[in-house]
Amino acid sequence: MREALQLMLRIRAFEETAEQLYMRGLVHGTMHLSIGQEASAVGAVLALEPTDYILSTHRGHGHCIAKGADLGRMMAEFMGREHGYCRGRGGSMHIADIDGGNLGANGIVAAGLPIAVGVGLSMQLQALPHVCLAFFGDGAANEGAFHEALNVAAIWKLPVVFFCENNNYAMSMSVRNAFPTELISQRAQAYNLPGVTVDGNDLQAVYGATAAAVARARAGAGASLIEARTYRWRGHSKSDRNLYRTQQEIAAWKERDPIAHLRTQLIADGLLQEAEAEAMAAQVREEIAAAVAFAEASPEPDPRDLEDEVYA
Amino acid sequence: MREALQLMLRIRAFEETAEQLYMRGLVHGTMHLSIGQEASAVGAVLALEPTDYILSTHRGHGHCIAKGADLGRMMAEFMGREHGYCRGRGGSMHIADIDGGNLGANGIVAAGLPIAVGVGLSMQLQALPHVCLAFFGDGAANEGAFHEALNVAAIWKLPVVFFCENNNYAMSMSVRNAFPTELISQRAQAYNLPGVTVDGNDLQAVYGATAAAVARARAGAGASLIEARTYRWRGHSKSDRNLYRTQQEIAAWKERDPIAHLRTQLIADGLLQEAEAEAMAAQVREEIAAAVAFAEASPEPDPRDLEDEVYA
Amino acid sequence: MTSATQPYAETVTVVQREVTYAEAIREGLRQEMRRDPRVFLVGEDIGVYGGAFGVTGDLVHEFGSDRVRDTPIAEEVIAGLAIGAAITGMRPVAEMQFSDFVTLAMEQLVNQAAKMRFMLGGKIAVPMVVRMPGGSGTGAAAQHSQSLEAWFAHVPGLKVVMPATPHDAKGLLIAAIRDLNPVLVFEHKLLYRVKGSVPPELYTEELGKALVRRPGHDLSLIAYSIMVPRALEAAELLANEGIEAEVVDVRCLRPLDEATIVASARHTGRVLVIHEAVRSGGFGGEIVARIAESEAFDFLDAPIRRLAGRETPVPYNRALERSTVPQVEDIVAAARALVRE
Amino acid sequence: MTSATQPYAETVTVVQREVTYAEAIREGLRQEMRRDPRVFLVGEDIGVYGGAFGVTGDLVHEFGSDRVRDTPIAEEVIAGLAIGAAITGMRPVAEMQFSDFVTLAMEQLVNQAAKMRFMLGGKIAVPMVVRMPGGSGTGAAAQHSQSLEAWFAHVPGLKVVMPATPHDAKGLLIAAIRDLNPVLVFEHKLLYRVKGSVPPELYTEELGKALVRRPGHDLSLIAYSIMVPRALEAAELLANEGIEAEVVDVRCLRPLDEATIVASARHTGRVLVIHEAVRSGGFGGEIVARIAESEAFDFLDAPIRRLAGRETPVPYNRALERSTVPQVEDIVAAARALVRE
Ligand SMILES: Cc1ncc(C[n+]2csc(CCOP(=O)(O)OP(=O)(O)O)c2C)c(N)n1
Ligand SMILES: Cc1ncc(C[n+]2csc(CCOP(=O)(O)OP(=O)(O)O)c2C)c(N)n1
Ligand SMILES: [Mg+2]
Ligand SMILES: [Mg+2]
């Protein structure tokens with residue numbers, strides 16, 4: 001759990017720094033910050049083994065950090081540098097850490113779900129014990145790909161965990177307008193899969209639900225759907241003027257800060273001292289500073305032989 | 001109900017004749033016969049007003065006849081002639097009767113469902129009282145389009161009836177292997193829509209369920225999903241060797257002939273005499289013979305100015 | 001196809017109101033929606049949010065959320081519902097938030113919208129528009145930066161429009177809305193903020209008519225969308241070197257105004273076809289082929305050349321990204337080389 | 001690209017076993033699946049049914065329903081699962097039952113499979129194959145008869161294979177399965193029953209290598225897929241008239257063997273490019289452009305011509321359908337006209 005807090009702090013700090021770099025004009029492109037959603041990323045990934053796979057989304061920094069990625073290489077990718085995870089070709093929306101089992105963020109909403117089916121099938125065919133966890137947003141749950149993927153994973157009993165981060169909005173589209181039902185997890189019934197909704201800002205709730213789904217998958221009993229209710233504090237991307245929600249609503253969710261929640265809990269349970277928490281935060285700040293330094297020292301990629309890299 | 005019987009006889013006779021024409025090598029192309037599924041086509045369409053719309057499928061002859069299409073123009077289309085509904089351009093898989101409210105069969109599984117959403121939206125925006133009923137098969141219910149369409153129809157409360165003809169197979173894929181649940185209608189819950197499963201070989205059951213859904217749609221209360229359980233007696237298309245099912249199963253379903261069922265019922269209820277039933281069958285045979293004669297007398301289309309017909 | 005006899009654009013002499021490409025589109029939508037109650041907009045985040053690129057802006061406030069309709073993320077249904085609405089009396093204008101997402105709507109657009117009229121023997125028309133921001137230059141990487149217009153230019157039944165100026169962005173869009181066929185309009189993200197003179201009233205620009213944007217006799221630069229302003233800029237630089245380039249704005253890929261293109265090729269004898277899309281399989285090949293098959297062939301003084309996107313996905317890094325797409329200096333260099341051949 | 005120095009196919013002199021194109025594919029799949037346990041097949045009705053065109057036939061009996069895997073009707077997942085399996089150690093061979101249905105899988109193939117390696121900085125390979133029956137001639141009408149290969153030839157990261165003979169159907173397929181990239185194989189429905197000599201053992205044909213199927217000096221017929229046998233038949237008829245046509249089988253649209261094509265154009269000075277796909281925006285434009293841009297340009301004695309599908313969806317009626325696609329007599333007529341120019 002202390003590890004979880006540290007990961008969450010790391011994500012928060014990464015995102016805040018990314019935002020600053022962006023504001024300072026050092027980043028060309030777009031970004032989708034996950035501030036406020038740290039518990040769902042960390043809780044989900046902590047329930048996995050290092051050899052398990054994840055598929056991430058456009059809002060993927062948190063997933064990637066939770067899966068153990070190197071912050072320097074992430075930051076370098078964010079800044080489009082040669083030593084970034086994708087050598088500056090992918091950027092924020094495509095950061096992947098293949099060796100760490102993160103098969104990549106994805107710029108296309110819901111696109112990871114059919115791919116997750118393939119990873120699950122691959123594990124089943126090779127009789128490997130690994131599980132694939134696919135992150136996706138509430139918005140993604142209305143794409144056709146969601147339906148096809150859950151159905152196929154269900155009929156073949158694939159070791160896949162469909163993990164929906166319901167942050168209440170798909171860009172400006174509120175779940176109230178996009179869904180005819182209260183719970184996204186209810187959709188699991190259509191595929192005869194277990195479906196649960198958890199407080200996505202409660203690390204332990206997320207961890208618990210995911211651990212159960214992962215155990216089920218690993219035991220060969222098939223896929224599950226988890227809905228983690230959370231909220232993004234920042235706009236969808238940098239062009240967002242937040243016209244579709246109130247400052248009040250944002251403030252109310254900030255009250256439910258997943259990091260503060262976990263920290264308070266750990267201290268209350270005697271698992272953490274205030275001072276340790278401060279030290280952790282300081283350490284994370286250093287890590288991020290080092291990551292930025294690494295990124296800034298990384299060379300710009302060379303445009304010359306780009307064509308040679310398209311095919312294996 | 002006598003009208004229903006007549007329509008069902010007409011469909012059966014049309015299909016049998018289509019099959020013969022095909023066997024005799026008079027038809028170039030493919031066809032998907034709906035023999036055995038007459039009650040679902042007729043029961044569904046009888047619940048509609050003439051000004052309501054349907055969207056049909058590759059297995060669409062029955063829907064088209066139920067919606068009141070001219071048999072001669074249908075047969076001419078099947079034979080690729082100029083006086084066919086589509087002037088020989090469409091063939092079996094694309095027969096439409098726009099004036100009659102049949103917006104067309106479709107060669108792409110599930111493709112009618114997103115279009116139905118648009119028809120429903122169009123009615124709602126124009127404040128027109130018409131309903132759109134979209135036929136689709138069990139196989140179509142696993143396409144992404146199904147999901148997107150039902151969700152959007154649900155959130156906007158569109159006047160659409162999603163009518164699934166579950167004939168137990170999508171080509172060779174049994175519903176037992178393609179679905180993780182027993183009932184397709186159960187999927188309605190995912191969209192907070194009413195969903196019912198009815199005996200698709202029982203005309204009155206189909207009619208009743210559809211009438212309720214149509215009334216709901218017309219009242220502005222939104223969409224519904226109906227699953228009609230039925231069976232196709234023939235192979236999927238002409239290349240089908242029926243390797244995926246047993247003769248026994250086919251025979252068992254033939255015992256449940258929807259036409260014989262309705263006929264027996266009408267006679268038992270005193271609504272029809274044996275002799276009348278015979279006369280009806282004879283009349284239908286004549287209609288079909290006339291349709292074939294019309295088709296055969298229709299000229300072949302002229303390839304010359306085809307390019308001029310692509311754009312309006 | 002009057003262009004062959006009327007080869008040059010009239011020079012605008014009066015000072016006109018300047019608005020951006022995005023504003024021109026919004027104005028066109030607003031005016032046509034006021035005029036025709038059948039017109040409605042549908043897409044993701046086009047309402048209160050105002051569109052991912054701000055194009056629909058405040059339209060929802062004037063027309064309400066019925067006619068400026070936000071959808072869930074469901075591109076197949078966005079396209080399909082446009083079809084269903086179009087064939088039952090409405091005039092939908094759908095938006096794909098990025099043109100890359102049209103990959104999720106190909107079935108509806110290509111198998112349904114494009115073919116419906118023909119398949120049904122001419123019994124039906126499908127008057128719908130799909131607007132799509134395309135192109136690179138914003139650091140959005142490989143899945144948000146493509147130029148896919150060539151796919152659709154290959155599909156009979158569709159029309160494909162590539163406006164290069166605010167004037168055309170409005171006029172061609174209005175024409176597209178009034179057209180009885182499915183029309184795809186590819187807008188270029190980098191053009192949205194470009195200003196140009198736009199008549200304040202409603203007007204249409206004919207679909208299928210190319211325009212000679214600049215006369216010249218040394219070579220023809222045949223371009224569309226963002227490559228038109230780049231070609232014009234290149235032409236100015238070339239003029240300083242004594243090279244007079246004729247710039248043809250193709251404007252519409254289907255129907256294609258072959259006459260204007262061929263006339264220009266015949267006139268100058270040297271042709272450089274320019275587009276942002278990947279070179280192989282791009283629409284430039286079609287343009288080259290039309291010229292190579294035409295009577296202009298005998299008038300050519302050099303091989304026809306193409307300048308187009310590199311054979312890679314679009315990369316994220318700014319310098320990499322820039323290198324994958326023709327820039328003004330690339331056009332100048334290629335044109336210079338061509339006139340020397 | 002050894003073709004430029006080795007321009008003619010070796011003449012087969014020994015009598016060989018004749019099998020159909022469909023059987024050749026099945027044999028290739030069977031042998032490669034025996035050799036490599038990572039290979040599996042996935043698609044609709046490929047198991048007990050044996051495939052809509054009987055291609056997979058009895059394979060399920062030998063390899064079981066895990067490796068010859070029937071799916072629900074869900075093309076997006078078929079494509080996506082192939083990607084997921086490919087990047088985690090398997091060698092999926094997916095089938096689209098008709099190539100027209102790939103319209104439902106464009107997102108996965110174009111945005112994911114094609115770009116993944118590049119976007120991730122080369123950290124990953126996506127060794128997958130998608131087999132797709134394409135083309136017209138079976139009365140299947142507009143939504144089951146398209147030739148969409150040009151779309152994919154426009155997408156860096158994909159390879160596009162168009163086998164014209166049973167020999168190539170097997171050899172190119174094996175090469176596609178062993179290739180580390182996503183490879184799309186378009187099989188032509190009318191070719192499935194065509195017989196040809198096929199070596200009984202496992203062999204590969206290099207991807208990206210065109211073949212001169214028949215030498216000649218009066219003109220070049222550049223074709224692929226079903227248009228190759230038609231061009232060869234036309235060449236025989238033309239020979240009777242004293243016209244010696246060289247027939248080039250392109251075989252692979254991406255990567256494209258430009259050298260062989262350009263060499264033939266230069267050699268004969270007259271070029272007719274032939275494909276079934278709709279002419280506008282078809283891959284023929286690319287071939288024309290490659291020639292028009294090349295050093296062969298100066299050796300051309302006539303405009304380059306294309307013979308291709310009409311600008312319509314494919315109609316149902318047999319005579320209408322036939323009229324939309326180049327037939328042998330059309331090739332003969334076009335070739336004859338071209339040599340007279
Ligand atoms: C297929 C597709 N449609 C639309 C978009 C544009 N887009 C990117 S993120 C997004 C919202 C996604 O919402 P959700 O799935 O809830 O994830 P969140 O952003 O809330 O994390 C949209 C509309 C896209 N990238 N891909
Ligand atoms: C998108 C798509 N995928 C596959 C096919 C090929 N195909 C045509 S009908 C069919 C089976 C459809 O099953 P179902 O929806 O149950 O309808 P049924 O044939 O049983 O009436 C298939 C696989 C198609 N036409 N369209
Ligand atoms: Mg969300
Ligand atoms: Mg069925």
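Only this structure's heavy atoms are used, side chains among them; waters, hydrogens and symmetry mates stay out.
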- Honestly, the part of D:Ala141 sitting under 4.5 Å from a heavy atom of chain C is neither

- Message: Quick check on D:Glu75 against chain C: is it the side chain, the backbone, both or neither that has a heavy atom closer than 4.5 Å?
- Response: neither

Would you mind telling me which of [options] has the largest number of heavy-atom pairs within less than 4.5 Å of chain D?
{"options": "C:Gly157, C:Ser294, C:Gly282", "answer": "C:Gly282"}
{"options": "C:Ala150, C:Ala105, C:Ala289", "answer": "C:Ala289"}
{"options": "C:Ser280, C:Gly285, C:Pro315", "answer": "C:Ser280"}
{"options": "C:Arg305, C:Glu76, C:Gln108", "answer": "C:Arg305"}
{"options": "C:Thr103, C:Val278, C:Asp298, C:Val102", "answer": "C:Thr103"}

Heavy-atom pair of closest approach, residues [X] and [Y]:
{"X": "C:Glu286", "Y": "D:Gly281", "answer": "OE1-N, 2.7 Å"}
{"X": "C:Ala142", "Y": "D:Met119", "answer": "CB-CG, 3.5 Å"}
{"X": "D:Phe297", "Y": "C:Phe297", "answer": "CE1-CE1, 4.2 Å"}

- Query: Which distance, rounded to the nearest 0.5 Å, do you find between the CZ of D:Arg306 and the CD of C:Glu293?
  - Reply: 4.0 Å

Does any backbone or side-chain atom of [X] lie under 4.5 Å from a heavy atom of chain D? Answer side chain, backbone, both or neither.
{"X": "C:Gln146", "value": "side chain"}
{"X": "C:Arg254", "value": "side chain"}
{"X": "C:Ala292", "value": "both"}
{"X": "C:Glu295", "value": "neither"}
{"X": "C:Ala302", "value": "backbone"}

- Using a cut-off of under 4.5 Å for heavy-atom pairs, which of D:Ala277, D:Pro303, D:Gly309 has the most such pairs with chain C? D:Pro303

- Item | Pick from D:Asn111, D:Leu148, D:Thr312, D:Leu300 with the largest number of heavy-atom pairs that fall under 4.5 Å of chain C | D:Asn111

- Message: Can you confirm whether D:Arg318 is buried at CZ, in the sense that more than 12 heavy atoms of other residues, nucleotides or ligands lie under 6.0 Å from that atom?
- Response: no

- Query: Are the side chains of D:Met106 and C:Glu107 in touch, meaning some heavy atoms are under 4.5 Å apart?
  - Reply: no

- Evaluate the side-chain proximity of C:Glu149 to D:His154: yes if any heavy-atom separation is below 4.5 Å, no if none is. no

